[in-house]
Amino acid sequence: MSTTGASADPLAALGSLPGVADSVESVRKSVDRVYGHRVMRRRSNEITSEAALRGARGTAALSGADWALEEVRRRSDFSGDGEARTMGAALRLTAEAGQLLSIWRQSPLRVLARLHLVAAAEGEERVGRPRQEREPVDEPLIGLALPSAAEAHGRLEGLSELIIAGGSAPALVTAAVVHGELLALRPFTSHNGLIARTAERIVLVGSGLDPKSVCPAEVGHAELGREAYLEALEGYVSGTPEGVAAWIAHCGRAVGLGARESTAVCEALQRGAA
């Protein structure tokens, strides 16, 4: 994680990076557009449910299970091959995220451990806790150098302290940093991508930017594509101001596309077509 120098609120300092303020404003306008739709006043629960399903499909696609939305709707058994298990994990995480909002600000590490337990859905000793030295990490789609377990633990503790301390950083900035750090660190032995994107969702919802969880950034990340996602992540990991700003902007575009998706759902419901 990079900051623009010594600051009592390093996350807020990232808001001064070139272009970040524009990304924050663009996201706010996109979110306001969804919440201002007349359908949201009467059928917001339906929009939330649909956004959750589409978000789960999007995050699973980035983790290698790129299924059609209708296939996700149709299936009830996700215990088969690797792709099915990935989709099942994505759906479980999406459902679990809403239950953890009140805990996040007090104990983000507890939330992350819970997310790993939910994603893995098995009782192995290494599930539900950060990885230890020499434990392998199953995250083949992220080819960045893997930090040592000691470095991952230290940076995870630092991130947790920043979240607990709070601050004035825009929700987009905090969500992007949480997302980027978890991908860079891969603190668990598996499912780090799914967990990182779920944590991004928790920040966006818990911050009040998207309180009804109707702007699934996961949809936007999938639409922008894995290549662009990994390229932006490399910029974040570089730690340069330009790279960090580009990652935040990428996350902002993803939220905007998620908001656009839910706006389209609102329009379809208004026409009686969904």
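Each residue takes its place number in the sequence, starting with 1. Computed over heavy atoms, backbone and side chain alike; hydrogens, waters and symmetry mates excluded.
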Problem - Sequence-distant partners of Ser79, side-chain contact (heavy atoms from CB on, under 4.5 Å), two or more places apart - result: Asp77

According to salt bridge (charged side-chain N to carboxylate O under 4.0 Å, His left out), does anything in [range] pair up with another residue at least two apart or in another chain? List the pairs.
range            : value
residues 130-149 : Arg129-Glu135
residues 81-109  : Glu96-Arg114
residues 53-68   : Glu50-Arg54, Arg54-Glu261, Arg57-Asp66

Residues forming a salt bridge (charged side-chain N to carboxylate O under 4.0 Å, His left out) with [X], sequence neighbours excluded:
X      : value
Arg201 : Glu218
Glu151 : Arg155
Asp32  : Arg28

Problem - Linked hydrophobic residues, Val219 as query - side chain contacts closer than 4.5 Å - result: none

Handout entry: Other cluster members, Leu224 - Ile/Leu/Val/Met/Phe/Trp/Tyr, side-chain contacts below 4.5 Å
Key = Leu257

Practice task
Run the numbers on Thr198 and Thr94 for side chain to side chain contact (heavy atoms under 4.5 Å, CB included), then give the verdict.
Solution key: CA-CA 7 Å; Thr198 303; Thr94 300; 5.7 Å; no

Exercise for the section: Measure centre to centre between the rings of His221 and His179, then say whether the value is under 6.0 Å. Expected result: yes

Exercise for the section: Output yes when Glu70 and Arg73 qualify as a salt bridge under the 4.0 Å nitrogen-oxygen rule, no when they do not. Expected result: yes

Exercise for the section: Tell me, please, which residues at least two apart from His191 pass ring pair (Phe, Tyr, Trp, His ring centres under 6.0 Å). Expected result: none

Exercise for the section: Please collect all ring-ring contact (aromatic ring centres under 6.0 Å, His included) contacts where either partner lies in residues 33-73, sequence neighbours excluded, each pair once. Expected result: none

Exercise for the section: Return each pair, listed once, that meets ring-ring contact (aromatic ring centres under 6.0 Å, His included) where at least one residue sits in residues 78-119; pairs must be two or more places apart or across chains. Expected result: His116-Phe188

